[in-house]
Chemist: 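Have a look at this one.
All values below were derived from every heavy atom in this structure, side-chain atoms included, with hydrogens, water molecules and symmetry-related copies excluded.
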Amino acid sequence: MVAYSFQRQFADAIVAGKKRHTIRAYGAKRHAFVGEGLQLYVGMRTKHCAKIIPDQICKKVEQLSINVGDLEITGIELRKPTKKAINVTLLCDDDMEKFARRDGFDSLSHMHAFWKHTHGVGRFTGVLIGW
């Protein structure tokens with residue numbers, strides 16, 4: 001079982017079923033595997049910690065890159081490993097807009113503002129974990 005903490009701004013989208021994945025950087029912490037249990041919280045490691053929804057099962061794990069430009073997100077790339085190869089998908093503008101909404105944002109421009117503020121301009125590489 002892997003626990004993930006979310007900013008409060010994403011809790012309503014998770015409860016409504018609009019946000020069904022999380023994007024996380026590679027790092028010292030281990031990420032979930034397909035089939036593993038997930039716990040989703042706000043305020044983890046604080047006195048305001050609360051579970052957002054009942055435990056979920058990880059349904060997908062994909063490598064992800066987001067190119068954050070100064071004025072906009074210039075690209076989102078998903079890499080899904082299969083038994084024979086790695087399928088690479090570079091999202092078009094319409095698909096990036098849909099992706100931003102599935103990630104809990106009102107629009108791609110709101111996602112850009114969040115990513116630029118949180119991670120800065122440049123290429124972010126991490127994993128997309130879906131439930």
Side-chain angles (χ1 to χ4, degrees):
M1 182 89 47
V2 178
Y4 290 103
S5 186
F6 293 84
Q7 293 180 10
R8 193 158 301 280
Q9 72 186 38
F10 297 112
D12 288 343
I14 292 170
V15 169
K18 294 178 181 177
K19 180 172 175 62
R20 307 234 356 118
H21 67 245
T22 185
I23 298 168
R24 301 295 163 134
Y26 290 120
K29 294 184 180 181
R30 178 179 84 74
H31 290 295
F33 299 107
V34 172
E36 188 171 19
L38 302 174
Q39 294 177 319
L40 312 178
Y41 292 94
V42 291
M44 262 175 60
R45 296 178 183 84
T46 72
K47 65 181 179 179
H48 304 290
C49 181
K51 189 176 270 193
I52 301 171
I53 57 176
D55 295 350
Q56 301 292 301
I57 300 297
C58 180
K59 292 184 180 171
K60 71 177 173 180
V61 177
E62 297 178 7
Q63 296 174 2
L64 168 103
S65 296
I66 301 174
N67 295 322
V68 181
D70 195 43
L71 301 176
E72 64 186 358
I73 290 178
T74 59
I76 299 175
E77 179 183 286
L78 297 168
R79 294 175 170 267
K80 183 177 182 179
T82 66
K83 290 181 180 180
K84 295 184 179 182
I86 295 178
N87 292 335
V88 178
T89 304
L90 184 60
L91 302 183
C92 67
D93 290 346
D94 286 345
D95 289 339
M96 285 195 301
E97 184 71 38
K98 292 173 187 172
F99 181 89
R101 292 180 187 281
R102 286 192 311 268
D103 198 35
F105 296 96
D106 292 332
S107 66
L108 184 59
S109 63
H110 286 132
M111 182 179 180
H112 172 259
F114 174 86
W115 279 90
K116 183 178 175 184
H117 173 76
T118 305
H119 300 284
V121 172
R123 185 176 177 96
F124 171 89
T125 303
V127 292
L128 179 134
I129 298 144
W131 59 86

Chemist: Return the OG to CG distance between S109 and L71, rounded to the nearest 0.5 Å.
Modeler: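 If we round to the nearest 0.5 Å, S109:OG and L71:CG are 12.0 Å apart.
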
Chemist: Of Q63, K60, E62, which is the lone residue that meets side-chain contact (heavy atoms from CB on, under 4.5 Å) with L78?
Modeler: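 Answer after filtering Q63, K60, E62: E62.
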
Chemist: So is R102 actually on top of F10's ring, under 6.0 Å and inside 45° of the axis?
Modeler: no

Chemist: Quick check: closest heavy atoms across Q39 and D55, and the distance to 0.1 Å?
Modeler: CG-OD1, 3.2 Å

Chemist: Closer than 3.5 angstrom, by distance alone: can the side chain of H21 be matched with the main-chain N or O of G130 as a donor-acceptor pair?
Modeler: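 Checked: no pair found.
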
Chemist: So, S107 versus H110: side-chain donor-acceptor pair below 3.5 Å or not?
Modeler: yes

Chemist: Can you name the nearest heavy-atom pair linking L38 to A32, along with the distance?
Modeler: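 Taking L38 first and A32 second, the nearest heavy atoms are CD2-CB, 3.3 Å.
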
Chemist: Hey, does I129 have a side-chain heavy atom less than 4.5 Å from the side chain of V2?
Modeler: no

Chemist: So, taking the atom named CD in E72 and the one named CE in M111, what distance separates them when rounded to the nearest 0.5 Å?
Modeler: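 Answer rounded to 0.5 Å: 13.0 Å.
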
Chemist: For D93, does the CG atom sit with more than 12 other heavy atoms under 6.0 Å from it, leaving out its own atoms?
Modeler: no

Chemist: Nearest heavy-atom pair of S5 and V42: which atoms, and what distance?
Modeler: OG-C, 4.3 Å

Chemist: Can you confirm whether D12 is buried at CG, in the sense that more than 12 heavy atoms of other residues, nucleotides or ligands lie under 6.0 Å from that atom?
Modeler: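 No, the 6.0 Å shell around CG holds no more than 12 heavy atoms from other groups.
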
Chemist: For residues L108 and A100, report the shortest heavy-atom separation together with the two atoms involved.
Modeler: CA-CB, 3.7 Å

Chemist: Using atom types as modelled and distance alone, determine if a side-chain donor or acceptor of R101 lies under 3.5 Å from a backbone N or O of D106.
Modeler: yes

Chemist: Provide the closest heavy-atom pair for E36 versus H31 in the form atom of the first, atom of the second, distance.
Modeler: OE1-O, 4.3 Å

Chemist: Do V68 and H119 come within less than 4.5 Å of each other through their side chains, counting heavy atoms only?
Modeler: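 Result no, sub-4.5 Å side-chain heavy-atom pair not found.
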
Chemist: Starting from the C-alpha separation in whole Å, work towards a yes-or-no answer on side-chain contact (heavy atoms from CB on, under 4.5 Å) for T125 and Y26.
Modeler: CA-CA 7 Å; T125 303; Y26 290 120; 3.7 Å; yes

Chemist: Is there a side-chain contact between F99 and L128 (heavy atoms, below 4.5 Å)?
Modeler: yes

Chemist: When you compare the side chain of E77 with that of R123, does any pair of heavy atoms fall below 4.5 Å?
Modeler: yes

Chemist: Counting only heavy atoms not in K18 (residues, nucleotides, ligands), do more than 12 fall under 6.0 Å from its NZ?
Modeler: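 Counting neighbours around NZ of K18, 12 or fewer heavy atoms of other residues, nucleotides or ligands fall under 6.0 Å, so no.
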
Chemist: Working to the nearest 0.5 angstrom, can you tell me the gap between K98 NZ and I76 CD1?
Modeler: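 Going from NZ on K98 over to CD1 on I76, the span is 13.0 Å.
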
Chemist: Dump the intermediate steps for salt bridge (Lys or Arg N to Asp or Glu O under 4.0 Å) on D103 and K19, then the final yes or no.
Modeler: CA-CA 5 Å; D103 198 35; K19 180 172 175 62; 2.6 Å; yes

Chemist: When Ile, Leu, Val, Met, Phe, Trp and Tyr are grouped by side-chain heavy atoms lying under 4.5 Å apart, directly or through other members, which residues fall in the same group as Y41?
Modeler: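 Y41 shares its hydrophobic cluster with M44.
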
Chemist: Do Q56 and R20 have side chains that approach each other closer than 4.5 Å (heavy atoms only, starting at C-beta)?
Modeler: yes

Chemist: Can we say K116 and D70 salt-bridge, meaning some charged N sits less than 4.0 Å from an Asp/Glu carboxylate O?
Modeler: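 Yes.
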
Chemist: Working to the nearest 0.5 Å, report the span between CH2 of W115 and CD1 of I73.
Modeler: 8.0 Å

Chemist: Using atom types as modelled and distance alone, determine if a side-chain donor or acceptor of Y4 lies under 3.5 Å from a backbone N or O of R24.
Modeler: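 No.
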
Chemist: Members other than V88 in its cluster, when Ile, Leu, Val, Met, Phe, Trp, Tyr link by side-chain heavy atoms under 4.5 Å?
Modeler: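 Direct or chained contacts put V88 with I86.
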
Chemist: Does I53 reach the side chain of W131, with side-chain heavy atoms less than 4.5 Å apart?
Modeler: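 SC-SC contact between I53 and W131 confirmed.
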
Chemist: Looking at CZ of F6 and CD1 of I14, how far apart are the two atoms once the value is rounded to the nearest 0.5 Å?
Modeler: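 Spacing of CZ (F6) from CD1 (I14) equals 4.0 Å.
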
Chemist: Treat each ILVMFWY residue as a node, draw an edge where side-chain heavy atoms are under 4.5 Å apart, and state whether V15 and L40 are in one component.
Modeler: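 V15 and L40: one cluster.
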
